[in-house]
Protein chains: 2
Amino acid sequence: MRISELSRTSGVPVPTVKFYLREGLLPPGELTSPNQAAYGEAHLRRLRLIRALVEIGGVSIAAVKDVLAALDDTSLGVHDLLGSVQYALIPAQPRDDPEWREAFADVNAFLDGLGWRVRSDAPARIRLADVLHALRRRDGEPVAPDAVFGPYVQVAAQIADAEIASMAPPGSPREALAEQVAVGVATSEAAFSALRALAQEDASARRYGGSTLESARPADQ
Amino acid sequence: MRISELSRTSGVPVPTVKFYLREGLLPPGELTSPNQAAYGEAHLRRLRLIRALVEIGGVSIAAVKDVLAALDDTSLGVHDLLGSVQYALIPAQPRDDPEWREAFADVNAFLDGLGWRVRSDAPARIRLADVLHALRRRDGEPVAPDAVFGPYVQVAAQIADAEIASMAPPGSPREALAEQVAVGVATSEAAFSALRALAQEDASARRYGGSTLESARPADQ
DNA sequence: AGCGATGGATAGTGCCACTATCCGAAAATA
DNA sequence: TATTTTCGGATAGTGGCACTATCCATCGCT
């Protein structure tokens, strides 16, 4: 298949496909002559994966590149693959602020208390510290990690277990698993957060009474 | 307090504060002379709110503006306020693609089956349709909404109930509630998603065995 | 032979969230 | 009082990102 067909079946414009090729997100097609290349099913699948990450997961091109590199690194076990995907999908960098460092330390202590087997450089730790730090700046002072995160721990564990369990068993073909992990991480995030928003709306309607404006808002363009 | 103090106590650079003033995210200070203005506690709190939304929630400036407008609209009840905040925080627009429309219809049917009281124009519906659509393009064809979203429904409802319940009771001062809603929606999203990532890592370690590279990855810049 | 499509290179676009600079006037400091 | 600093407000510029547009010398098809 040539580039135009790749573009047509995937719905991605030709110039964008070229852009992905330039960026190394897509491997080059097989050259059939000095300026003619053929693309296969693998290209199509990878292209769809890229779009899923970008559109559903809101992942940056640079992060997509990292994810794809992890997928292609066959030396990675499933666990490390999952880790690499997550680390690419969660952009985070520690701060210098002493108050932030304190929040970070508190988060780590809290996580230690849970007994989870989690790498000490997991970016999600940083995200939690960001949240705790922001909340502390807002309210007066206290705000214990347990108060903020506690209610979510059981539920997060429950969901995570179900998601991991739904993946292929250890020893199944890595190929299939790899993309499942990447797509799963990105899409389940989006799906859950949308469902939670809807559930909140429902719960709020029941508690505060729904004066639901029902499409009374300006239909922004 | 003048602009430099506002900047110092909030940690936001002066030019950025000026930018927010220009954009109307911050109300102008009270003029004490033709070119001198004073800012109060309210400005500081709002500035912190803006930063929390931007940094923790990853909210765009335009969306922040919408959120603040909702906060300031005292004619909105708590339920509608929550709705406005959510709608501002979840960017989404329907597509034209017939396959997408089908996914959207399926999502709506699925949500109807749940019996949730949710506006028909909720952007979260669109997000769910995006996810379903993307998954259908990947796998062969089927993919029922129930298979993808089902496992999350109970949990999402559980979390949402707890969050709504933790908010002030109906009839409490709107002022306090408003920001709580905005901050809550943005931060709890971030907190939960980080916790879920960590729980996944733990679950994956238990299932696939943790060959945890432990900080063996390139410390990217 | 004619003609549209292709691969590859280079350059440009639009958006976004700031950031820099300038100005005349007021505050703070000496 | 003199001088230095800071102020509010306006205008313009920056850097990053994700594409998009244009060129051009083939290539393959009819």
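Quick note on labels: first sequence line is chain A, next is B, and so on, each numbered from 1. The model shown is predicted, which means the values in this text are computed figures rather than measured ones.
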Donor-acceptor pair present, A:R22 side chain and D:dT20 base, under 3.5 Å: yes
B:T32 side-chain N/O to C:dA26 phosphate OP1/OP2 under 4.0 Å: no
A:N35 side-chain N/O to C:dG8 phosphate OP1/OP2 under 4.0 Å: no
A:V54 side-chain proximity, nearest of D:dC19, C:dC18, C:dG7: D:dC19
Atom-pair distance (OH on B:Y39; P on D:dT6), nearest Å: 16 Å
Given DNA chain C, 5'-ward residue of the pair B:F19 and B:R2, judged by closest heavy atom: B:F19
Side-chain N,O (B:Y20) to OP1/OP2 (C:dC18) below 4.0 Å: yes
Sugar-phosphate only, base, or nothing, as touched by A:L31 at under 4.0 Å among non-hydrogen atoms: sugar-phosphate
Worked verdict on A:R45 versus A:E179 for salt bridge (charged side-chain N to carboxylate O under 4.0 Å, His left out): CA-CA 10 Å; A:R45 289 203 319 143; A:E179 285 194 20; 3.5 Å; yes
Spacing of CZ belonging to B:F104 relative to CG belonging to B:D97, to within rounding of 0.5 Å: 13.5 Å
Nucleotide of D:dC19, D:dG9, C:dA27 approaching B:K18 most closely (side-chain heavy atoms): D:dG9
Interatomic distance, A:L82 atom CG to A:S84 atom OG [nearest 0.5 angstrom]: 8.5 Å
Euclidean distance, atom CD1 of residue A:I3 to atom P of D:dG28 [Å, nearest integer]: 16 Å
Sugar-phosphate only, base, or nothing, as touched by A:P34 at under 4.0 Å among non-hydrogen atoms: sugar-phosphate
Parallel, tilted or perpendicular: ring planes of B:F192 versus A:F192, cut at 30 and 60 degrees: parallel
Distance below 4.0 Å between B:T16 side-chain N/O and C:dA17 OP1 or OP2: no
Nearest-angstrom distance from the residue atom CD of A:Q36 to P of D:dA25: 16 Å
